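None of the values given here were measured: they were computed from a predicted structure.
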Amino acid sequence: MQRTQTPVLSRLARLNPTTVFLAALVLVLVGLFAPGVAGGVLLLALAAGLVWLMTVTWAVQAPATRMLRLVMLTLLIAIALAKLL
């Protein structure tokens, strides 16, 4: 294991990408269709996880990928805040 790699990241790297995508999709859909505060909190929790993952992988991403991730994160947070309010 590299010095900068945490056990959590090495465990995430071993997961099946299709399974991770489908799990994230389910979380987003549940957050979107859950009523009010429950959906907003779920979406904000998902956004917090994405922020952590983005901070860890920021240096190895291309600038275009960084911009796309920031746009998607901003949309997710905006939808979460709209559900909370």
Quiz: residues 70-85 side-chain donor-acceptor pairs under 3.5 angstrom, not counting sequence neighbours:
from  : atom 1 : to    : atom 2 : distance (Å)
Thr74 : OG1    : Leu70 : O      : 2.7
Lys83 : NZ     : Leu32 : O      : 3.1
Lys83 : NZ     : Ala34 : O      : 2.8

May I have the list of side-chain donor-acceptor pairs in residues 60-67 shorter than 3.5 Å, sequence neighbours left out?
from  : atom 1 : to    : atom 2 : distance (Å)
Arg66 : NE     : Trp58 : O      : 3.1
Arg66 : NE     : Gln61 : O      : 3.2
Arg66 : NH2    : Trp58 : O      : 3.1
Arg66 : NH2    : Gln61 : O      : 3.4

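Between Arg69 and Thr57 there is a side-chain heavy-atom pair separated by less than 4.5 Å.
Both Leu12 and Val20 are members of a single hydrophobic cluster when ILVMFWY side chains are connected at heavy-atom separations under 4.5 Å. The cluster map of Ile, Leu, Val, Met, Phe, Trp and Tyr, joined by side-chain heavy atoms under 4.5 Å apart, puts Val51 and Leu44 in the same cluster.
Residues satisfying the side chain to side chain contact (heavy atoms under 4.5 Å, CB included) criterion with Thr18, sequence neighbours excluded, are Asn16, Leu22.
Summarising the geometry of Leu27 relative to Leu42, their closest heavy-atom pair is O-CD2, 3.6 Å, with the distance given to 0.1 Å.
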